[in-house]
Amino acid sequence: MRNRLSKKDEIARFIKLSDDEAAGLDIAAAKLHVSITPHFFNLIDPENVNCPIRRQVVPTCSEGDILDYEDNDPVGEEGSMVVPGLVHRYPDRVLLLVTDRCGSYCRYCTRSRLVSNAQGYGFHPQVEKSLDYIKSHTEIRDVLLSGGDPLLLSDSKLSSILTALADISHVEFVRIGSRLPVFLPQRITSGLLDSLNAHPNLWMSIHVNHPTECTVELKDACNKLSKSGIPLGNQSVLLRGINDDIETMKSLIHRLLMMKVKPYYLYQCDLVPGSSHLRTPVAKGIEIIKGLRGSTTGYAIPQFVIDAPGGGGKIPLNPNYVESSTDDLWVLKNFEGKSFYYQSV
Ligand SMILES: *Cc1c(COP(=O)(O)O)cnc(C)c1O
């Protein structure tokens, strides 16, 4: 963490910055801080300004292009924040934000408004109060720890939160959303694995966007997590020029399966201010899912979703396989475009 690259001159020592990137680094301080771990930085192609790794973490001046429909709170979390750091949007589950720090800062971050505190949000998560809220709301059966990156907490802090959750009998399922296995695979230590064992039913969602991120180090980290009994899923964000084609996506999800990671969600990029250069048309995501269905393992196919602006939650988008239907006759199209009839009762 101490060796992360943040400043323009540090980064310019290793890669030749374009004018666009140099300008981007000047405006980033007011949007979302720049910080890149050495592990992730080493995956950057120093000669290629379009490198898919580079474009995720090195800002460009396009971040200054703010569109009128972009929103600092793009998925409407503030409206459901019942305690600072606790978002209760769905009836049975909550999102618990435990820190505003990350290993590295993704330029399309949905929580750019608070993560890294570049905009002066002053995020002070109230974990004790959040745990009290969860305790008193017996309908909550699922708690998702996120942030910022929860794996930046100390082992002891993490285990104390997980122990507290394990002591709440109505909480059946706990998961951590973390990109540290990707940014800082060294974080997956035996001490951390012991702390994670403080909860008997802990799952983890990692965040991998491009096959290049699937390094030997990430594979080892995933293997350690799996071996200690933590099921793994992946959440990707569909990003223009980074992973918005079928071949790249196929390569990514195949590598994920080989690391025992289930591709879980593929997100349409949120309407984060200054992220339009990274967004794709919505139809692109549906086209990619359609291209995957039938041509690869069903387990490998993520659910494409839009997290709706205004706090509507995640809405699945799927290719249409129903040609027509009456009460009892369904005309279906398969992956090859051939029609099939299903007579229902
Ligand atoms: C994504 C999210 C969840 C978890 O949703 P799943 O579909 O169960 O993965 C819970 N709360 C909030 C606020 C979320 O954004």
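Since the structure is predicted, the reported quantities are computational estimates derived from the model, not experimental observations. For ligands, and for the atoms within them, numbers begin at 1 and follow the listed sequence.
- R175 counts as a contact of ligand 1, since one of its heavy atoms falls under 4.0 Å from the ligand.
- Without hydrogens or angle criteria, D149 side chain to R179 main chain gives a donor-acceptor distance under 3.5 Å.
- The shortest N/O to N/O separation between Y264 and ligand 1 falls below 3.5 Å.
- Closest to atom 7 (O) of ligand 1 among all protein heavy atoms lies Y265 OH, 2.6 Å.
- Within the structure, salt bridge (charged side-chain N to carboxylate O under 4.0 Å, His left out) pairs that include any residue of residues 237-253 do not occur (at least two apart or interchain).
- Per-residue contacts place V87 under 4.0 angstrom from the following atoms of ligand 1 (heavy atoms of the residue considered): 13 (C).
- Taking every heavy atom of L95 and a limit of under 4.0 angstrom, the matching atoms of ligand 1 come to 11 (N), 12 (C), 13 (C).
- When the heavy-atom distances from atom 3 (C) of ligand 1 to K314, R93, R89, Q235 are ranked, the shortest goes to K314.
- Counting non-hydrogen atoms of neighbouring residues, nucleotides and ligands closer than 6.0 angstrom, the NZ atom of K157 reaches no more than 12 such neighbours.
- In this pair, Y267 and Y265 present their aromatic rings perpendicular. The plane angle is above 60°, beyond the 30 to 60° band.
- Between the side chains of T37 and H39, no donor-acceptor pair of N or O atoms lies under 3.5 Å.
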